[in-house]
Amino acid sequence: MSLKARKWEETILATPIVRQPLEVSLKLDVLHLHAGGTLRDVDNTAKPVMDAFNGHLYQDDKQIRELVFRSLRPLMGHCS
């Protein structure tokens, strides 16, 4: 995992989400607003997001039965 990805994961995990990881089948719906640089492939962006929540939001990303992942660049002046 890259240093940038590791720092992102640490930031996400520092934010309390649930007291105990969920143990049910889940649908994960992610909207990734990409502000600059190269826009990565969706599959290469989704996996680190799913991995970051392992043991925190859910027990394991195997629980995700449906994944909706959108990666968009915001229009200039509409998002900071």
Side-chain angles (χ1 to χ4, degrees):
M1 180 183 299
S2 72
L3 179 60
K4 186 175 181 179
R6 193 175 318 275
K7 288 184 102 177
W8 179 87
E9 185 174 305
E10 289 171 0
T11 300
I12 292 297
L13 296 179
T15 305
I17 300 169
V18 293
R19 292 182 190 269
Q20 280 209 284
L22 301 170
E23 298 181 22
V24 296
S25 295
L26 300 166
K27 173 185 177 182
L28 184 60
D29 194 335
V30 178
L31 174 59
H32 173 237
L33 295 176
H34 188 302
T38 303
L39 193 60
R40 297 174 61 191
D41 292 344
V42 170
D43 59 323
N44 293 333
T45 307
K47 185 63 176 157
V49 171
M50 294 167 56
D51 288 345
F53 291 127
N54 274 337
H56 301 280
L57 179 59
Y58 39 76
Q59 293 291 327
D60 190 275
D61 58 13
K62 292 178 188 174
Q63 293 169 246
I64 299 172
R65 297 291 177 234
E66 185 177 350
L67 174 63
V68 177
F69 195 97
R70 294 171 294 255
S71 190
L72 306 170
R73 287 184 194 265
L75 295 173
M76 294 301 290
H78 292 270
C79 186
S80 45

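Predicted model only: the values in this text are computed from it and were never measured. We count residues from 1, following the sequence as given.
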For this session: Calculate, to the nearest 0.5 Å, the distance between atoms CZ and CG belonging to R65 and L67 respectively.
Result: 12.5 Å
Exercise. Is there a donor-acceptor contact under 3.5 Å from the side chain of Y58 to the main chain of M50?
Worked result: yes
Exercise. Does Q59 reach the main-chain N or O of E23 with its side chain, forming a donor-acceptor pair under 3.5 Å?
Worked result: no
For this session: First locate atom CG of L28, then atom CG of D61, and finally report the distance between them rounded to the nearest 0.5 Å.
Result: 9.5 Å
Exercise. Could you give the distance from NE2 (H32) to OG1 (T45), rounded to the nearest 0.5 Å?
Worked result: 5.5 Å
Exercise. So, D60 side chain and K62 main chain: donor-acceptor pair closer than 3.5 Å or not?
Worked result: yes
Problem set entry | Nearest-0.5 Å distance that lies between atom CD1 in I64 and atom NZ in K27 | 12.5 Å
For this session: May I ask you to test the V49-F69 pair for a side-chain heavy-atom distance under 4.5 Å?
Result: yes
For this session: Measure across G55 and P21 and return the closest heavy-atom pair with its distance rounded to 0.1 Å.
Result: O-CG, 3.2 Å
For this session: Could you tell me whether K47 and D51 make a salt bridge, using a distance below 4.0 angstrom between a side-chain N and a carboxylate O?
Result: yes
Exercise. Honestly curious: do V68 and V30 fall in one hydrophobic cluster under the side-chain, below-4.5 Å linking rule?
Worked result: no
For this session: Determine yes or no for a side-chain-to-main-chain donor-acceptor pair under 3.5 angstrom, with Q20 supplying the side chain and H56 the backbone.
Result: no
For this session: State the CG-CD distance between L26 and E66, to the nearest 0.5 angstrom.
Result: 11.0 Å
